[in-house]
Amino acid sequence: MPSDRRFWLFKSEPGSFSFADLKSRPGGIEPWDGVRNFQARNFLRDQVRVGDGVLFYHSSIPRPAVVGIARVARAGYPDPTAWDPTSRHFDPRSTPALPGWFMVDVQYERTFVHEVPLDELKHHPELAGMVLLQRSRLSVQPVTAAEWSFILRLGGIAPESI
DNA sequence: GCCAACGTTGGC
DNA sequence: GCCAACGTTGGC
């Protein structure tokens, strides 16, 4: 594993797009479009790199949880749904010449042996600094290497096996 | 379904 | 540039 690998947490409502949906995609790859928050956009455009680790989080369900991991298959590129008038993510301020929104591709990697629910994340002092617990609404957020390894172990995955 | 948190918009 | 209004997210 490259030492400069970064880690992220991506949120998705499983009713719209679930981790099982990701797994079933050809090659396990999904274009992560439609992000319309400036802070998340900046991460996608400037910080997220190929090979980075992604915690896949299911939100807006009775038991929100990290359910598995993915990796970044393609780094930031312009999100074409922004200039598609038929898209629910259409934004007329963004054009192919001057794109306003960015996306990455993610690829399925491993399903956790045990889901790690939000309630459990909250109860580990090691995770008290997680962005998820402080700015819960951010849909793409950084995770530290220590948080990554800790959460993988909670999920039943040996971090050194990834 | 409620509502708190908070990001975004727009009037001034 | 401030800030009130508004819209959205997401836990519960």
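Here is the naming used below: chain letters follow the sequence lines, and residue numbers restart at 1 for every chain.
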query: Relative to the ring of Phe150(A), is the ring of His124(A) parallel (under 30°), tilted (30 to 60°) or perpendicular (over 60°)?
result: perpendicular

message: Under a 3.5 Å threshold, yes or no: a donor from one side chain and an acceptor from the other, between Arg135(A) and Gln141(A)?
response: no

message: Can you see whether Asp52(A) engages Trp8(A) through a side-chain donor-acceptor pair at a distance of less than 3.5 angstrom?
response: yes

- request: Determine the contact category for Arg41(A): base if any of its heavy atoms lies under 4.0 Å from a base atom, sugar-phosphate if only primed atoms, P, OP1 or OP2 are that close, otherwise nothing.
  value: nothing

statement: Residues passing the ring pair (Phe, Tyr, Trp, His ring centres under 6.0 Å) test with Phe90(A), sequence neighbours excluded, are none

task: Please answer: with hydrophobic residues joined when any side-chain heavy atoms are less than 4.5 Å apart, are Val48(A) and Leu132(A) in the same cluster?
output: no

message: Please encode protein proximity along nucleotides 3-12 of chain C as a string of B, S and -, counting only heavy-atom distances under 4.0 Å.
response: ----BBBBSS

